[in-house]
Undergrad: 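Sharing a structure with you now.
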Amino acid sequence: MSYSVDISVEAPIENQIQEITYDGTEIYQPPLTISESLAKYAQKIDFSRVSDVDVKKEESNEDSKSDADSKDAFQSSLWPWDGVRNKLRSALQEVCVLADVLAIAKEKRYLVLDPVQQEPLETKPMVQIYARKKALAGNYICNSLTFLKLCIVGAANVLLAGAEKLKTSQNEAARNRTTMDFHIELLRLRQNWRLKKVSNTIIGDLSYRTAGSKYLQTGTFEVTKAEEEEKSSSPPSSPLPGGPAPVKPNSALRVSIPSELQGVAYIEVLCQKDQEDLCSANINLLGSGPPATNPDMHWQQKLEAAQNVLFCKELFNQLAKEAVQLQAPIPHMVVGNQIMATVLPGIQLIIGLCHSTTGDKKQQNPAPSKSDHDHVLEHSLHQLLREVHHKNTHIPFPHPATGPLGPSKKRMIAGPMAADRYELLEMTKTETLLEQIVKQAQHFIMRMRTEYVLDTIAKEIRDPLISSHWNTLNSPTQSCVKINISTHGYDAVCRTPLVIHVGEKSLKCICRDGKVMNMSYEPQELRDLIMCHINQHQILAVQALAKTMGWQALGNSNHLGTGSVEPLGNASSCLLSSPTGDRIIAVRCEPQAGTQVSVAHSPRSDFFPSRLVTERKWEHLGGQFRDVRLDKMEGRNFLHKMELLMASLTSNS
Amino acid sequence: MSIPRSLPQSKEALLKSYRTRLKDDVKSMLENFEEIVKLSKGEHDTQLSRMTQCEQDTYEMHVRAANIVRAGESLMKLVSDIKQYLILNDFPSVNEAITQNSKLFRTKQAECDQKLMSLRDDMAADLYDLEEEYYSSINK
């Protein structure tokens, strides 16, 4: 025991070093005050263990006085412990109350617990309760729990309403499959048209600018979502008379087109001769489309109609510009929506732009007689502008990256190929649309005139058959007709073929013998030419026939100098002698007077010596010609008659 | 909360705005829901009278619920916007559609050309016969 050493355990006197400055001085932490050190120690206490002990203690002496536990439980009633104790006590109280409530509820004698219904229908009684509670608010009867419930139910209602809205819209979309989904429609639209988004709107472009058009007018349209009201109101609005599908699904998408592109437009081409229509063509890319103003129209049709309007406008604009610029011998006129150009003397080409925004088809419908218009002119105008567009986008290659755009490939190689001035000038010449269409119109009229002349001649002249065959291979400014002059039943004996090339302002005829005749646009010239050829054919046919009959052609002349002067061409003639040489037939064909046939006998069958002709031998020189009255003769046609005549004369000898 | 969509011009910014919108909306939903749950605890130590407090809670809950709904609808709008953006800017698919269309029209054109050619040949042959017949007949 004496060795026992007292060990004092105490905190070091030195305080903890807080900081050491650069000069070596140490800054100490200030010593803890009493309250701080108490708090520090209090932190080290394990409350869970302590409280457990407390609770057990309190449960064990439940009946003891409240004053006692405050003294017994804690030897020293320090302030920091007080809060802990209070919390514990209140917790104990709550647990006790809960235990009581559970006990009462379990016995079910005084209180029954019902599950609260989950349906939103509950809201109504709740609202009533809420109202009642509100009325009694002065008495502070209302329970905060009820109110909380009400609050939550109200919030739930808002949420449910929102969800309901979404659900109904979903159902709506699912139920009527007829109305397409906006986005699907938009996708379809996007696949066919150019669209872009500008701020909040979707803008589309229907102009031909990407296809090479340089027209300034923009073809923008706006895409919007179709409104619900429109959908509901659209079904009663008129199904078109004869409209094919009134059951078509309503589109969820609407396109709005600028007013200047609405409606129906077409270009009318008229060939006029002294205020009388020769032909007319209506250009309308869509043919007879439905009236454009119908709001029910599908967007595709609507956009196509608008594009058509734009196209027609561009075409007309281009034509009008050219009409003003071109230096024609007879200046073209541009008045309002009409361009007038003189095609041939006395014949005007009128190109008009018709654009109706009202959609009244009735007033535009021309007289039914006009309806058989020429689709070719219609189509070619269309084609011409397309070609211009195509040229604008398809620049000939190879093209140097630094080279200017535009010159043709031919001009590119003009330098290497050492083209001369004339060739270069030729290259720079380009035809405008108007020139081209005027040429086509000229050709059209030339063709019509040629057809008319050929048909009338064929009708007038029965004897040699004049048949014409139009070539199927032709171009807009060139066509070709083959004419065959033959006699019925004698096709093999002789036929006269002619080929006529119909150009823009002239005709070129290639005759049987290879001669080329150039004619102007006057139809009379062609008529005269064919008449001449008919005469020649008759003479040639007679000679050919004579050959087969054994007769001899003594001579022929296509341009006979004798006889009365013909108003056009010359008479042609031929002389034929019978195999024995005692009969001579003379044929004379005149374009105007027709054919004359004379017959001479030598020697005459009866001879009476006279004072001038004393001997019979002189009769062999040939006698007088006597006219044959062909119209009294038998035979279907001239050659037939001639055959009979020759046959009869041959047999007589 | 919703970002004005006129601002972003470049696509990058637009896509970013879509992302932020998505996050904001989802966050707003969550926050509002949490707030509602917190409110429903019902313990408030305030100086307001109980009645006023209840009314305030009610209105707050309503507004928060409405906020959730709004965020949901905003999400729907976002979906629709993204769809629209995809449709309008999906150039590969548009190109594909164009190629397909042009192929279709080319085949159609070839078909039409062929039909027209055969029709023309038939008509030319028939026309020749008819012309022959017409011009050699008596009734012209």
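Side chains included, hydrogens not; waters and symmetry mates left out as well; all remaining heavy atoms used. By convention in this document, chain letters (A, B, ...) are assigned in the order of the sequence lines, proteins followed by strands, and residues within each chain are numbered from 1.
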Undergrad: Can you give me the closest heavy-atom contact between B:Ala124 and A:Thr472, atom names plus distance?
TA: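 Closest pair (atom of B:Ala124, atom of A:Thr472, distance): CB-CG2, 3.1 Å.
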
Undergrad: Can you say whether A:Ile202 sits under 4.5 Å from chain B via the side chain, the backbone, both, or neither, judging by heavy atoms?
TA: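 The answer is the side chain of A:Ile202.
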
Undergrad: For A:Ser486, is it the side chain, the backbone, both, or neither that has a heavy atom closer than 4.5 Å to a heavy atom of chain B?
TA: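 Contact with chain B: none, neither part.
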
Undergrad: Please rank B:Ile87, B:Asn89, B:Asp90, B:Val69 by heavy-atom pairs under 4.5 Å with chain A and give me the top one.
TA: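 Top count of heavy-atom pairs under 4.5 Å with chain A: B:Ile87.
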
Undergrad: Would you give the length of the straight line joining atom OH of B:Tyr135 to atom CG of A:Leu454, rounded to the nearest 0.5 angstrom?
TA: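 Those atoms lie 6.5 Å apart.
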
Undergrad: As an exercise: rank B:Glu60, B:Glu132, B:Met76, B:Arg64 by heavy-atom pairs under 4.5 Å with chain A and give me the winner.
TA: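 Sorted descending by pairs with chain A, the first entry is B:Glu132.
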
Undergrad: What distance do A:Lys197 atom NZ and B:Leu88 atom CG have between them, rounded to the nearest 0.5 Å?
TA: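 So the gap between those two atoms works out to 6.5 Å.
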
Undergrad: Evaluate side chain to side chain contact (heavy atoms under 4.5 Å, CB included) for A:Phe182 paired with B:Gln84, printing each intermediate quantity in order.
TA: CA-CA 10 Å; A:Phe182 173 73; B:Gln84 228 176 58; 3.6 Å; yes

Undergrad: Can you measure from CD1 (B:Ile82) to NE2 (A:His183) and round to the nearest 0.5 angstrom?
TA: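 Answer rounded to 0.5 Å: 10.5 Å.
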
Undergrad: Under 4.5 Å, counting heavy-atom pairs only, tell me which of A:His469, A:Arg190, A:His488 racks up the most with chain B.
TA: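 Looking at each option in turn, the highest pair count goes to A:His469.
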
Undergrad: Rounded to the nearest 0.5 Å, how far does CD of B:Glu131 lie from CH2 of A:Trp470?
TA: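 Rounded to the nearest 0.5 Å, the CH2-CD separation comes out at 9.0 Å.
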
Undergrad: Which answer fits B:Phe33, side chain, backbone, both or neither, if we ask what part of it has an atom under 4.5 Å from a heavy atom of chain A?
TA: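 Answer is neither: B:Phe33 stays 4.5 Å or more from chain A.
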
Undergrad: Sort B:Ser80 into side chain, backbone, both or neither according to what part of it lies under 4.5 angstrom from a heavy atom of chain A.
TA: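 Both backbone and side chain of B:Ser80 come within 4.5 Å of chain A.
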
Undergrad: Between A:Leu186 and chain B, which part of the residue has a heavy atom less than 4.5 Å away: side chain, backbone, both or neither?
TA: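 For A:Leu186, heavy atoms of backbone and side chain both lie under 4.5 Å from chain B.
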
Undergrad: What part of B:Gln100 lies closer than 4.5 angstrom to a heavy atom of chain A: side chain, backbone, both or neither?
TA: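 Interface part for B:Gln100: neither.
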
Undergrad: Return the CG to CG distance between B:Asn101 and A:Asn192, rounded to the nearest 0.5 Å.
TA: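 If I round to the nearest 0.5 Å, the distance is 5.5 Å.
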
Undergrad: Should B:Arg120 and A:Leu473 count as side-chain neighbours, where that means a heavy-atom distance under 4.5 Å?
TA: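 The answer is yes, as the side chains (C-beta and beyond) meet within the 4.5 Å cut-off.
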
Undergrad: Checking B:Met123 against chain A: side chain, backbone, both or neither under 4.5 Å from a heavy atom?
TA: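 Answer is neither: B:Met123 stays 4.5 Å or more from chain A.
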
Undergrad: Measuring from atom OG of A:Ser467 to atom OH of B:Tyr128, what distance do you get when rounded to the nearest 0.5 angstrom?
TA: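 Answer rounded to 0.5 Å: 7.0 Å.
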
Undergrad: Taking the side chain as every heavy atom from C-beta outward, state whether B:Glu96 and A:Gln191 have any pair of such atoms under 4.5 Å apart.
TA: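 In short, these two side chains do not touch, never coming nearer than 4.5 Å.
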
Undergrad: Most heavy-atom pairs under 4.5 angstrom with chain B, which of A:Leu166, A:Leu187, A:Asn484?
TA: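 Ranked by heavy-atom pairs under 4.5 Å with chain B, first place is A:Leu187.
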
